[in-house]
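Only heavy atoms go into these numbers, but all of them, side chains included; no hydrogens, no water, no symmetry mates.
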Amino acid sequence: MLRGGFANPRVKNALSDREGGFTRLLPDDRVMPVHEAAAIYRARGVPLIVIAGDRYGAGSARDWAAKVTRLLGVSAVIAENFERIHRTNLVAMGVLPLRIARHDRLSLTGQESFDINGLPDALKPYGNVRLTVHGADGPRPIELACLIETDVEAGWLKAGGILAQMLQGERRPAGQE
């Protein structure tokens with residue numbers, strides 16, 4: 001299933017000159033399948049985010065699209081807006097959906113690094129975080145909206161997803177549910 005994540009032949013990753021499930025591994029500057037790059041980043045201890053455009057998740061409302069995102073090691077998705085069911089599935093899998101305003105286009109080169117500041121305090125309905133983009137021109141802060149709609153969703157994210165939350169509940173001593 002990991003090989004199929006982000007592998008739609010119509011998807012164009014701005015980090016790669018190839019369509020489909022390819023990305024550029026940085027700083028190595030090698031183009032490779034997304035799942036292979038994710039494994040290398042995981043081995044290096046590099047947390048992953050997805051930066052997308054408009055209507056993220058459209059056509060991928062099935063829960064496996066969100067599961068694969070999480071299994072690849074993605075902790076947050078930044079987009080202008082999200083398909084409704086896919087947003088919920090991301091939250092349930094422990095992936096934080098973040099909305100960027102249309103006027104805050106990032107104009108990225110692919111050489112940037114990112115910090116998401118304000119967590120875990122922002123993990124609440126309609127919280128906000130600050131994304132700091134570190135590029136050649138220095139750091140650039142951008143406000144992002146956390147697309148968390150309920151306290152239940154906030155709990156899922158704090159636990160690392162609904163399954164992780166359920167497993168944590170099972171490990172509590174009797175009488176402390």
Side-chain angles (χ1 to χ4, degrees), residues 5-8 10-58 60 65-66 68-83 86-87 90-91 93-149 153-154 156-158 160-161:
F6 298 96
N8 183 322
R10 294 176 292 188
V11 169
K12 178 70 173 120
N13 183 334
L15 292 178
S16 169
D17 53 359
R18 294 176 67 180
E19 290 184 359
F22 294 91
T23 192
R24 184 172 307 280
L25 180 71
L26 296 170
D28 308 53
D29 201 32
R30 291 185 332 200
V31 173
M32 63 180 47
V34 168
H35 70 277
E36 289 180 19
I40 292 170
Y41 284 128
R42 176 177 283 138
R44 292 177 179 174
V46 176
L48 299 178
I49 61 173
V50 169
I51 300 174
D54 190 29
R55 298 177 51 229
Y56 182 79
S60 62
V68 166
T69 301
R70 178 64 175 190
L71 290 171
L72 287 171
V74 174
S75 56
V77 175
I78 301 168
E80 290 176 4
N81 55 56
F82 291 76
E83 189 278 331
H86 187 65
R87 183 213 62 86
L90 287 171
V91 171
M93 292 299 119
V95 177
L96 178 60
L98 298 167
R99 182 175 32 224
I100 186 168
R102 289 188 194 279
H103 65 273
D104 279 333
R105 295 277 179 171
L106 294 177
S107 301
L108 302 174
T109 66
Q111 300 297 318
E112 296 83 2
S113 64
F114 307 88
D115 290 317
I116 298 175
N117 304 299
L119 296 171
D121 294 338
L123 294 180
K124 60 186 177 187
Y126 309 103
N128 290 300
V129 296
R130 181 177 300 264
L131 175 73
T132 303
V133 180
H134 300 278
D137 298 335
R140 186 170 33 129
I142 299 170
E143 289 292 319
L144 302 176
C146 298
L147 296 185
I148 302 169
E149 295 180 355
E153 288 183 350
W156 294 346
L157 284 162
K158 288 175 184 174

Asks: Could you pull out the closest heavy-atom pair between Gly53 and Ala79, with the gap in Å?
Replies: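 What the structure gives for the nearest pair is O-CB, 3.4 Å.
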
Asks: With heavy-atom distances below 4.5 Å as the criterion, would you say the side chains of Val95 and Ser75 are in contact?
Replies: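 No, their side chains stay 4.5 Å or more apart.
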
Asks: For Asp54, which residues count as a side-chain contact (heavy atoms from CB on, under 4.5 Å) partner, sequence neighbours excluded?
Replies: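 Testing Asp54 for side-chain contact (heavy atoms from CB on, under 4.5 Å), a comparison that skips the adjacent residues, returns Glu80, Asn81, Arg102.
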
Asks: Would Leu131 and Leu98 count as a side-chain contact (heavy atoms from CB on, under 4.5 Å) if you check the C-alpha gap in whole Å, the side-chain angles of each, and the deciding distance to 0.1 Å?
Replies: CA-CA 10 Å; Leu131 175 73; Leu98 298 167; over 6 Å; no

Asks: Going by the rule salt bridge (charged side-chain N to carboxylate O under 4.0 Å, His left out), which residues pair with Asp137 if we only count those two or more places apart in sequence or in a different chain?
Replies: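 Expected list: none.
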
Asks: How are the rings of Tyr56 and His86 set relative to one another: parallel (under 30°), tilted (30 to 60°) or perpendicular (over 60°)?
Replies: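 Taking His86 first and then Tyr56, their aromatic rings sit tilted (interplane angle of 30° to 60°).
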
Asks: For Arg18 and Val31, what are the C-alpha separation, side-chain angles and deciding distance, and is it a side-chain contact (heavy atoms from CB on, under 4.5 Å)?
Replies: CA-CA 8 Å; Arg18 294 176 67 180; Val31 173; 4.0 Å; yes

Asks: Would you confirm whether Arg140, through its side chain, and Gly135, through its main-chain N or O, come within 3.5 Å as a donor-acceptor pair?
Replies: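 Absent.
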
Asks: Let me confirm one number: the CG-CD1 distance from Leu26 to Ile40, rounded to the nearest 0.5 Å.
Replies: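 Leu26 CG to Ile40 CD1: 11.5 Å, rounded to 0.5 Å.
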
Asks: If we only count heavy atoms from C-beta on, is the Leu119 to Leu96 side-chain gap below 4.5 Å?
Replies: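 The answer is yes; the side chains approach within 4.5 Å.
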
Asks: State the CG-CH2 distance between Leu90 and Trp156, to the nearest 0.5 angstrom.
Replies: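 The CH2 atom of Trp156 is 12.0 Å from CG of Leu90, to the nearest 0.5 Å.
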
Asks: Please give me the minimum heavy-atom distance between Ala122 and Cys146, naming the atom from each residue.
Replies: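 Heavy-atom minimum between the residues: O-SG, 3.8 Å.
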
Asks: Does any non-hydrogen side-chain atom of Ile51 lie less than 4.5 Å from one of Phe114?
Replies: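 Heavy-atom side-chain distance check passes, below 4.5 Å.
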
Asks: Can you list everything that forms a side-chain contact (heavy atoms from CB on, under 4.5 Å) with Leu15? Sequence neighbours excluded, please.
Replies: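 With sequence neighbours excluded, Leu15 shows a side-chain contact (heavy atoms from CB on, under 4.5 Å) to Asn13, Thr23, Arg24, given in chain and number order.
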
Asks: With side-chain contact (heavy atoms from CB on, under 4.5 Å) as the test, would you mind laying out the steps for Ile49 and Ile116 before giving the verdict?
Replies: CA-CA 10 Å; Ile49 61 173; Ile116 298 175; 4.1 Å; yes

Asks: Which heavy atom of Leu157 sits nearest to which heavy atom of Gly94, and what is that distance?
Replies: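 For Leu157 versus Gly94, the nearest heavy atoms are CD2-C, 3.7 Å.
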
Asks: Could you pull out all residues at least two apart from Glu153 that satisfy salt bridge (charged side-chain N to carboxylate O under 4.0 Å, His left out)?
Replies: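 Partners of Glu153 by the salt bridge (charged side-chain N to carboxylate O under 4.0 Å, His left out) criterion, ordered by chain and then number, come out as Arg87.
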
Asks: Can you name the side-chain contact (heavy atoms from CB on, under 4.5 Å) partners of Pro139, sequence neighbours left out?
Replies: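 With sequence neighbours excluded, Pro139 shows a side-chain contact (heavy atoms from CB on, under 4.5 Å) to Thr132, His134, given in chain and number order.
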
Asks: Who pairs with Arg44 by salt bridge (charged side-chain N to carboxylate O under 4.0 Å, His left out), at least two apart in sequence or on another chain?
Replies: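 Testing Arg44 for salt bridge (charged side-chain N to carboxylate O under 4.0 Å, His left out), a comparison that skips the adjacent residues, returns Asp28.
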
Asks: What's the shortest heavy-atom distance between Leu147 and Val91, and which atoms?
Replies: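 Heavy-atom minimum between the residues: O-CG2, 4.1 Å.
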
Asks: Taking side chain as C-beta onward, heavy atoms only, is Tyr126 less than 4.5 Å from Glu149?
Replies: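 Yes, their side chains come closer than 4.5 Å.
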
Asks: Just to verify, what does Arg130 make a salt bridge (charged side-chain N to carboxylate O under 4.0 Å, His left out) with, not counting sequence neighbours?
Replies: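 Once residues adjacent in sequence are excluded, the partners of Arg130 under the salt bridge (charged side-chain N to carboxylate O under 4.0 Å, His left out) criterion are Glu143.
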
Asks: Which pair of heavy atoms, one from Phe22 and one from Pro33, lies closest together, and at what distance?
Replies: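 So the two residues come closest at CD2-N, 3.7 Å.
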
Asks: For residues Ala154 and Ile148, report the shortest heavy-atom separation together with the two atoms involved.
Replies: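 Taking Ala154 first and Ile148 second, the nearest heavy atoms are N-CG2, 3.6 Å.
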
Asks: List in chain and number order the residues that pass side-chain contact (heavy atoms from CB on, under 4.5 Å) with Ala14, two or more places apart in sequence or in another chain; answer none if no residue qualifies.
Replies: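 Residues passing side-chain contact (heavy atoms from CB on, under 4.5 Å) with Ala14: none at all.
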
Asks: Going by the rule side chain to side chain donor-acceptor pair (under 3.5 Å), which residues pair with Thr109 if we only count those two or more places apart in sequence or in a different chain?
Replies: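 Glu112.
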
